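Side chains included, hydrogens not; waters and symmetry mates left out as well; all remaining heavy atoms used. Remember, it's a predicted structure, so these values are computed and weren't measured experimentally. All residue numbers in this chain count up from 1 along the given sequence.
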Amino acid sequence: FDIHKNLNNIFVKKIFEQHVDDYFNCRINIPAPLVAVGAPVKAWLPKVGKLINIDINIPEHAEVANAYGAVTARIVERIDVVIKPARHRKGLGVHLPWEYKAFDDLEKAVSYATDSAVAWAKDRLIKAGAANLEVKVERKDIIAATNDGFDIFVETLVKVVAVGDPRFV
């Protein structure tokens with residue numbers, strides 16, 4: 001209902017814009033303090049705390065608290081390859097992000113796609129400074145059944161996900 005939306009807007013506006021001559025004011029009361037971390041919290045969160053009537057606790061070194069996540073994060077490279085029937089010739093087309101190549105045999109096409117994508121992903125991780133590389137490869141063949149009981153090859157999807165730890169020098 002629009003009336004609910006309008007009422008919500010009125011109350012929220014009253015919480016943040018309080019005037020002495022208003023007929024009514026709204027306040028939020030949150031009894032537990034809010035612990036805030038991250039680079040910008042000292043700049044804007046104390047003011048927000050006053051507006052919504054909540055105690056803000058900003059610990060020492062709060063500006064670098066999220067840096068732990070950045071330090072422990074892993075480097076990831078994902079590559080999706082599509083193999084489908086070639087449009088203007090007999091055979092299959094391997095659609096890599098950086099090239100297209102035609103094959104006459106599905107297993108050769110899948111092998112080429114997988115080897116190329118794994119090599120590319122590993123190279124990108126190494127250039128990004130990763131160590132302890134792990135590579136996962138998934139293959140999904142998509143086949144459509146016809147009313148006549150025949151199966152038709154639609155496409156094969158090859159997904160390569162390579163993960164590595166940041167190397168600190």
Side-chain angles (χ1 to χ4, degrees), residues 1-6 8-9 12 30 32 34-45 48 52 54 56-169:
F1 290 85
D2 285 336
I3 192 164
H4 291 107
K5 184 178 179 183
N6 289 336
N8 288 339
N9 288 341
V12 169
I30 302 173
L34 175 69
V35 177
V37 296
V41 296
K42 287 181 182 176
W44 59 271
L45 217 52
V48 171
I52 63 172
I54 185 171
I56 304 293
N57 183 347
I58 301 174
E60 185 179 1
H61 307 299
E63 66 277 1
V64 294
N66 289 332
Y68 177 77
V71 168
T72 60
R74 301 190 80 194
I75 300 169
V76 180
E77 182 72 27
R78 291 182 176 90
I79 300 167
D80 294 316
V81 185
V82 178
I83 302 167
K84 54 175 50 177
R87 288 181 129 188
H88 302 291
R89 65 179 291 273
K90 187 179 177 185
L92 302 157
V94 175
H95 300 264
L96 290 149
W98 54 88
E99 77 174 321
Y100 172 86
K101 191 162 176 129
F103 290 86
D104 291 325
D105 178 74
L106 178 60
E107 294 312 314
K108 287 180 182 174
V110 169
S111 178
Y112 180 81
T114 302
D115 292 346
S116 296
V118 167
W120 180 275
K122 284 182 175 180
D123 182 60
R124 302 272 297 184
L125 285 180
I126 290 167
K127 285 179 179 173
N132 305 321
L133 306 184
E134 299 171 21
V135 179
K136 222 182 189 183
V137 178
E138 294 178 17
R139 173 184 172 173
K140 182 177 181 182
D141 293 322
I142 300 173
I143 310 293
T146 67
N147 290 338
D148 299 333
F150 295 104
D151 289 338
I152 298 174
F153 172 77
V154 177
E155 65 185 10
T156 293
L157 305 173
V158 177
K159 182 181 201 173
V160 173
V161 179
V163 181
D165 298 323
R167 197 174 12 200
F168 300 104
V169 183

For a 4.5 angstrom cut-off between non-hydrogen side-chain atoms, does Phe153 reach Leu92?
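A side-chain contact under 4.5 Å exists here.
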Mind checking whether Val81 and Val160 have side chains closer than 4.5 Å, heavy atoms only?
no
State which residues pass salt bridge (charged side-chain N to carboxylate O under 4.0 Å, His left out) with Lys101; sequence neighbours excluded, sorted by chain then number.
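With sequence neighbours excluded, Lys101 shows a salt bridge (charged side-chain N to carboxylate O under 4.0 Å, His left out) to no residue whatsoever.
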Kindly write out the residues that satisfy salt bridge (charged side-chain N to carboxylate O under 4.0 Å, His left out) with Glu138, not counting sequence neighbours, or none if the list is empty.
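If we apply the salt bridge (charged side-chain N to carboxylate O under 4.0 Å, His left out) test to Glu138, skipping adjacent residues, there are no hits.
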Which pairs would a plain distance check flag for residues 113-124, meaning a side-chain donor or acceptor within less than 3.5 Å of a matching protein atom at least two apart in sequence or in another chain?
| unit_1 | atom_1 | unit_2 | atom_2 | d |
| --- | --- | --- | --- | --- |
| Thr114 | OG1 | Val110 | O | 2.8 |
| Ser116 | OG | Tyr112 | O | 2.9 |
| Asp123 | OD2 | Lys127 | NZ | 3.1 |

List in chain and number order the residues that pass ring-ring contact (aromatic ring centres under 6.0 Å, His included) with Tyr100, two or more places apart in sequence or in another chain; answer none if no residue qualifies.
His95
Check side chain to side chain contact (heavy atoms under 4.5 Å, CB included) between [X] and all other residues, then give those that pass, not counting sequence neighbours.
X: Pro59; value: Val35, Val37, Asn57, Ala62
X: Ala130; value: Ile75, Leu125, Leu133
X: Asp165; value: Arg74, Asn132

Under the ring pair (Phe, Tyr, Trp, His ring centres under 6.0 Å) rule, what pairs show up with a residue in residues 126-147, not counting sequence neighbours?
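Sorted pair list comes back empty.
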Which pairs count as side chain to side chain donor-acceptor pair (under 3.5 Å) when at least one residue sits in residues 77-87, sequence neighbours excluded?
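Passing the test, one end in residues 77-87: no pairs.
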Listing request: all side chain to side chain donor-acceptor pair (under 3.5 Å) pairs with a residue in residues 143-157, at least two apart in sequence or in separate chains.
Asp141-Thr156
Contact list for residues 57-67, test salt bridge (Lys or Arg N to Asp or Glu O under 4.0 Å), sequence neighbours left out:
Lys42-Glu63
Identify, with sequence neighbours excluded, every residue that meets side-chain hydrogen bond (donor to acceptor under 3.5 Å, both in side chains) alongside Glu107.
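Expected list: Arg139.
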Please name the residue in the list Ile83, Val82, Leu96, Ile79 that meets the side-chain contact (heavy atoms from CB on, under 4.5 Å) test with Val158.
Ile83
Got a second to check how far Ile142's CD1 is from Leu157's CG, nearest 0.5 Å?
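CG of Leu157 is found 4.0 Å from CD1 of Ile142.
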